[in-house]
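Any value given below was found using the heavy atoms of this structure, including those in side chains, with hydrogens, waters and symmetry copies removed.
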Amino acid sequence: MTDRTAPAQPGETWTAADRRRTRKAALAGGVGTLIEYYDFSLYGYLAVIIAPLFFPSDDPVTSLLSALAVFGTAYLIRPLGGIVFGHVGDRYGRKRALLATLVCMGVGSTLMGVLPTHAQVGVWATVLLVLVRLLQGFSAGGEVGGSATFISESTPRHLKATYGAFTPLGSTGGFALAAAVAGITTGLTTDAQMDSWGWRIPFLLALPLTLFCLWARTRVEETHDAEDVHEEHSPVGYVFRRQPKALLQASAISAATNGTAYIGLTYLSIHLIQRLGYDAAPVYWVATAAIGISALCMPLGGLLGDRIGRVRLAEIGFIGYILLTYPMMALMDDGLGVAFLAYLLIMINTVGAQVGAYTVLPLLFDKASRYTGVAMGWNLGVIVAGGTAPYLAVWLIERTGNELAPAFFVIVVALIGLAALFSIRRGSLHRVEGIHELDEAQAIEHL
């Protein structure tokens, strides 16, 4: 199957109109993903503050674990969101699905900002919190797969990673923006004000940000073609019946990418505050800087990926995690400046891992089921190792007494990612869209 929506193929001219269309698609996809992940990740950064408000306990670790468990429940519903929005995207258009995910996330985050606490309505506060997080998880389940698919289909083959980097730029940038807003809010309020009403402000900011992104996404061109629809199967049925290997590979790569990334994106700030005793406000800025620098490096990773290959780029990222996570975590107790450098050296590996993963995954699936395939594979991996990462990190420390135990989790999931990438190198890559005519060595180089 040939992708007729790609602006140019080898031997064809990539026109100025194609370039504008691709840039507009990458910007709309990346900015929308940024806002979605700002909304989604705020909970993780504010978990230390939210925990006693919704899960009061004499033991602060128990409250934190309860709050992180709710953080994880949002990931459990992500595959359902991937199936629903994937069906919409594969049957009725990528643009329509991506607008819907954005609306759902904006509504969920606004509701989060007005939730009553346990002191106000008792156990109902916990129930409402879980329901809102489920809505956010449902929305996030359709966002990243759709953004990666949409950008990939709007981009010529030789620039897949360059423009595909806008998706991880948006997702990682969303975490950085959330950390920055949390840091500003914490710095401008007292502890009592933050506990009373200050924590609500970052969530309420989601409303104007969502409106801006809706405007951006209404301006892009659709890449969906009704002629590519598999009428005999639903998109999810087609993926399970015809492309189970691709789904398994995508899930494993996602587990590795998210498991490694979420330790830095959500857990390390908790680690620095709760385990190592640093003040919350400067830690938020350390997290903002480390994650923000990593996000800004995504375009450079995209340029590199198009030169050396997307699979190779992801392999470099996972190997970096394996080699650096343990020693860098060991250095984090030597002052906040050293902690920042260690944090950055851990996070920078996510550039190779994410740009490689977001670019490779859409190429594994047929166009008619691509949105569903990428969304399902990504979300299954997120469930296994992404949303559970901060909870497992705290649990591992409590069980082992070793504050560096989360590093072993990172190493294990990175090895899983390397195994999945090896299977892509060893497997038949002729099915990758648009390169049926290439031999395996050329196909690997293309990826």
Might you work through the side chain to side chain contact (heavy atoms under 4.5 Å, CB included) test for Val181 and Thr185, ending with a clear yes or no? CA-CA 6 Å; Val181 173; Thr185 306; 4.0 Å; yes
With side chain to side chain contact (heavy atoms under 4.5 Å, CB included) as the test, would you mind laying out the steps for Thr189 and Trp197 before giving the verdict? CA-CA 10 Å; Thr189 58; Trp197 51 265; 4.1 Å; yes
Is it the case that more than 12 heavy atoms not belonging to Asp279 sit under 6.0 Å from its CG atom?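 It does not: Asp279 CG has 12 such atoms or fewer within range.
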Do other residues, nucleotides or ligands put more than 12 heavy atoms under 6.0 Å from Asp191 CG?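 Not more than 12 within 6.0 Å, no.
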Using the side-chain hydrogen bond (donor to acceptor under 3.5 Å, both in side chains) rule, collect all pairs that involve residues 379-398, keeping only residues at least two apart or in two chains.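 Sorted result for residues 379-398: Arg78-Asn379, Arg275-Glu398.
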Give me each pair satisfying side-chain hydrogen bond (donor to acceptor under 3.5 Å, both in side chains) with a member in residues 136-151, each pair once, sequence neighbours excluded.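 Pairs touching residues 136-151 that pass the test: Thr33-Glu143, Thr33-Ser147, Glu36-Ser139, Thr101-Glu143, Ser109-Gln136, Arg133-Gln136, Glu143-Arg217, Ser147-Thr167.
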Rounded to the nearest 0.5 Å, what's the gap from [atom1] on [X] to [atom2] on [Y]? Could you check?
| X | Y | atom1 | atom2 | answer |
| --- | --- | --- | --- | --- |
| Ile263 | Phe409 | CD1 | CZ | 5.5 Å |
| Lys160 | Thr359 | NZ | OG1 | 9.5 Å |
| Thr186 | Gln193 | OG1 | CD | 11.5 Å |

Could you please spell out the steps behind the side chain to side chain contact (heavy atoms under 4.5 Å, CB included) verdict for Val360 and Gln249? CA-CA 10 Å; Val360 168; Gln249 290 170 329; over 6 Å; no
Quick check on the 6.0 Å ring-centre criterion: do Phe138 and Phe85 meet it?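 Yes, they do, as the ring centres are separated by less than 6.0 Å.
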Tyr358/Trp378 aromatic ring centres below 6.0 Å: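 Close enough - the centres of the two rings lie under 6.0 Å apart.
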Once the angle between the rings of Phe175 and Tyr262 is folded into 0 to 90°, is it parallel (under 30°), tilted (30 to 60°) or perpendicular (over 60°)?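 Rings of Phe175 and Tyr262: perpendicular, over 60°.
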Can you label the angle between the Trp199 ring and the Phe54 ring as parallel, tilted or perpendicular, going by 30° and 60°?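 Ring orientation, 0 to 90° scale: perpendicular.
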Nearest non-hydrogen partners of Thr155 and Thr22, listed with the distance: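 Residues Thr155 and Thr22, closest heavy atoms: OG1-CG2, 3.7 Å.
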Using the rule given for side chain to side chain contact (heavy atoms under 4.5 Å, CB included), can you reason through Asp90 versus Phe365, listing the C-alpha separation, both sets of side-chain angles and the distance that settles it, and then say yes or no? CA-CA 12 Å; Asp90 285 327; Phe365 297 93; over 6 Å; no
